[in-house]
Colleague: 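One structure, pasted below without further comment.
Here is how names work: the chains are called A, B, and so on, in the same order as the sequence lines, proteins then strands, and each is numbered from 1.
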2 protein chains.
Amino acid sequence: MDDSPAPAPRSRRERPAKPALTRAGIVTAAVRLMEAEGLQRVTMRRLAQELDTGPASLYVYVANTAELHAAILEHHLGRVDLGAAAGTGAAEPGTADDPGAAACAGAAEPGAADDPSTADDPGRDWRGRLAAVLESYTTVLLEHPALAHSALLARPAGPHYLALVETLLALLEEGGVPAGQAAWGVDALLQVATATAAEHSARTGAAAEAEHGAMVRALREADPSRYPKVAATAGDLVSGRPTERLAWTFRMLINGVAATPR
Amino acid sequence: MDDSPAPAPRSRRERPAKPALTRAGIVTAAVRLMEAEGLQRVTMRRLAQELDTGPASLYVYVANTAELHAAILEHHLGRVDLGAAAGTGAAEPGTADDPGAAACAGAAEPGAADDPSTADDPGRDWRGRLAAVLESYTTVLLEHPALAHSALLARPAGPHYLALVETLLALLEEGGVPAGQAAWGVDALLQVATATAAEHSARTGAAAEAEHGAMVRALREADPSRYPKVAATAGDLVSGRPTERLAWTFRMLINGVAATPR
DNA sequence: ACCTGAACACCGTTCAAGT
DNA sequence: ACCTGAACACCGTTCAAGT
């Protein structure tokens, strides 16, 4: 055992010395690979190639592809702005990695004060702060919609996920929502946020754009004699900027959770 | 053109005479294949094999795999019980294809009348009937959770989908919900129902069972000093029979939609 | 005892070449 | 003009065999 020759007697190689395989190292490499080439390229084979080994070796540390993707998601969950729960935070100015990210969530043009949840003072009431956390979560997922897609299937259970749930529960408690419905409500809130982001994973590429256009047309041109209400409402069904719709949806969910006893 | 020799001069073959390839024929074969082997087997290659041709031939009629899956979903949407919207319907006794299906949605044991949305008289108020339609939709998707998964990415735009949207809009209008929020609400209602069913697509197989167990354990055993509310609420977070949780979620959404103006 | 090469059994999609 | 064989460029996962 201890008389084996040094862990790896290689010294001349192009790669900066292959590090020992560990679960953490695999996940780090996976995160980096995703950042570089997208989740669709984070396959067991491609990742193994990146780590200078064969795919079979990864199965010693990762059970399957779904678990690998869940680990990547848990990593990204660390970027959710939980500070928004206290009315501070907003964008943690220290991280200049991705300056566009935070702006994407709630930043309507100033003056559009018809939306209290993302208005000038987001820290005012618990509802606004709850919406802000959910918007941050959605923003993180929207940077990698394919990841949101996996999140619907294999929910993470790591510390970042627990911290997010903890924060949401605290805000609902602050709002006086009974614990029973708060617990079920957190599930629904995260599900809608996740599903919304996941829906965007297919909305990339020209083909998807065309398909989406076809759906909008199907609604707008619905036969008014067979689908009168669809025809009458078509404008509303597809109306609104995505951030507006999402803000309304979060407000709607919060209202529902607060008002629906078990 | 019309002097070409009969469309297909083959006569001796094992197969009952290969029918001409059409989009409708392809979708029908896809539905049948899915019923027999599951959506994961409905690939362009496997389907082509079933139709006694090469995969390239399918691309004449179907743009890609996503569109094929959307077509299968639209087909199944024909089984959603829209009669529940009028307080009739419940299970269309003529179709004996899948007797367990209808029972799965709302059928708690009789006597559990604490849930008005699935109680003895589901046709009483518009909320109950709206929940009944959503439960029927969810039931259809739960028969093929993988299909629900595709539905999140490529929403169908066929007549069955339009009829479903039409029914939901009509019920919200009956409930006096303003058209604007009804339109956005229908989106959210279908999204939650779809996502709920989709979540079950990974919940099959022993590995997924173990993974789910790991998440439940992570919640129950969450460090009370770092995640006090998670630890205190863990029981509620994972409690409840799925149908109970879903019924509550639909009630919650309906309350939210009705109470949240745009 | 630990790790992995090589294989098994597949994929989606394209396009040059055939009928 | 229409259709498709064959190829391109990949997959996840397993397990016998090596070190």
Colleague: Say you pick atom C1' in C:dC11 and the same atom in D:dC15; how far apart are they, in whole Å?
Modeller: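 Here C:dC11 and D:dC15 have their C1' atoms 22 Å from each other.
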
Colleague: Do A:D81 and A:V133 have side-chain heavy atoms sitting under 4.5 Å apart?
Modeller: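 A side-chain contact is absent here, since even the closest heavy-atom pair is not under 4.5 Å.
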
Colleague: Among D:dC3, C:dT13, D:dT4, which nucleotide has an atom closest to any side-chain atom of B:L21?
Modeller: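 Nearest to the side chain of B:L21 among the choices is D:dT4.
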
Colleague: Nearest whole Å is fine: how far is C:dG5 C1' from A:Y59 OH?
Modeller: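 Between C1' of C:dG5 and OH of A:Y59: 15 Å.
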
Colleague: Which ones in residues 35-44 of chain A lie close to DNA chain D, meaning a heavy atom under 4.0 Å from one of its atoms?
Modeller: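 Heavy-atom cutoff 4.0 Å gives A:T43, A:M44.
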
Colleague: Which of these passes ring pair (Phe, Tyr, Trp, His ring centres under 6.0 Å) with A:H76: A:H69, A:H144, A:H160?
Modeller: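 Passing option: A:H144.
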
Colleague: Over all heavy atoms of both residues, which pair between A:G25 and A:T22 is shortest? Give the atoms and the distance, please.
Modeller: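 The answer is N-OG1, 2.9 Å.
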
Colleague: Considering only D:dT13, D:dC3, C:dT4, which nucleotide approaches the side chain of B:Y61 most closely?
Modeller: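 Of D:dT13, D:dC3, C:dT4, D:dC3 is nearest to the side chain of B:Y61.
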
Colleague: Whole angstrom is fine here: how far is it from CD in B:Q49 over to P in C:dA9?
Modeller: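 Rounded to whole Å, this separation is 14 Å.
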
Colleague: Whole angstroms only, please: what is the NE2-P distance between A:H69 and D:dC11?
Modeller: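 For the pair A:H69 NE2 and D:dC11 P, the rounded distance is 11 Å.
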
Colleague: Under 3.5 Å between N/O atoms: give me all the protein pairs with nucleotides 15-19 of chain C, atom names plus distance.
Modeller:
none

Colleague: What do you reckon, are the aromatic ring centroids of A:H149 and B:H149 less than 6.0 Å apart?
Modeller: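 Close enough - the centres of the two rings lie under 6.0 Å apart.
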
Colleague: Atom CG of B:L58 to atom P of C:dT14: distance rounded to whole Å?
Modeller: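 Result: 13 Å.
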
Colleague: Just by modelled atom types, is the A:D236 backbone N or O under 3.5 Å from a matching donor or acceptor in the A:T233 side chain?
Modeller: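 Not a single qualifying donor-acceptor pair exists.
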
Colleague: Using modelled atom types and a 3.5 Å cut-off, is there a donor and acceptor pairing between side-chain atoms of A:T167 and backbone atoms of A:A163?
Modeller: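 Judged by distance alone, yes, a pair lies under 3.5 Å.
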
Colleague: What pair of heavy atoms forms the shortest contact from A:A222 to A:V230, and how long is it?
Modeller: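 Taking every non-hydrogen atom into account, CB-CG1, 3.8 Å.
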
Colleague: For DNA chain C, just give me the dot-bracket, please: Watson-Crick or G-U, both distances below 3.5 Å, ( ) intra-strand, [ ] crossing earlier pairs, | paired with another strand, . unpaired.
Modeller: ||.|||||...|||||.||

Colleague: Considering only the P atoms, how many Å lie between D:dA9 and C:dC10, rounded to the nearest integer?
Modeller: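 Roughly 23 Å separates the two P atoms.
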
Colleague: Between D:dC10 atom P and A:R45 atom CZ, what is the distance in whole Å?
Modeller: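 Nearest whole value for this atom pair: 11 Å.
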
Colleague: Compare side-chain N and O positions of A:S57 against OP1 and OP2 of C:dC3 and report whether any pair is under 4.0 Å apart.
Modeller: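 No, because none of the side-chain N or O atoms of A:S57 sits under 4.0 Å from OP1 or OP2 of C:dC3.
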
Colleague: Rounded to the nearest Å, what distance is computed from the CG atom of residue A:L47 to the P atom of nucleotide D:dC11?
Modeller: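 Roughly 11 Å, once rounded to whole Å.
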
Colleague: Of the options D:dC3, D:dT4, C:dG12, whose atoms approach the side-chain atoms of B:T53 most closely?
Modeller: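 The answer is D:dT4.
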
Colleague: Shortest non-hydrogen contact from B:A183 to A:L237?
Modeller: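 Looks like O-CD2, 3.6 Å.
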
Colleague: Could you pull out the closest heavy-atom pair between A:A197 and A:A148, with the gap in Å?
Modeller: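 Nearest heavy atoms, A:A197 then A:A148: CB-CB, 3.6 Å.
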
Colleague: Passes side-chain contact (heavy atoms from CB on, under 4.5 Å), A:T194 versus A:T138? Steps please.
Modeller: CA-CA 7 Å; A:T194 309; A:T138 311; over 6 Å; no

Colleague: Which heavy atom of A:E199 sits nearest to which heavy atom of B:L152, and what is that distance?
Modeller: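 In terms of heavy atoms, the two residues are closest at CG-O, 3.3 Å.
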
Colleague: CD1 of B:I26 versus P of D:dT4: gap in Å, rounded?
Modeller: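 About 10 Å, once rounded to whole Å.
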
Colleague: Report yes if the side chains of A:L189 and A:W184 come closer than 4.5 Å at any heavy-atom pair, otherwise no.
Modeller: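 Result no, sub-4.5 Å side-chain heavy-atom pair not found.
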
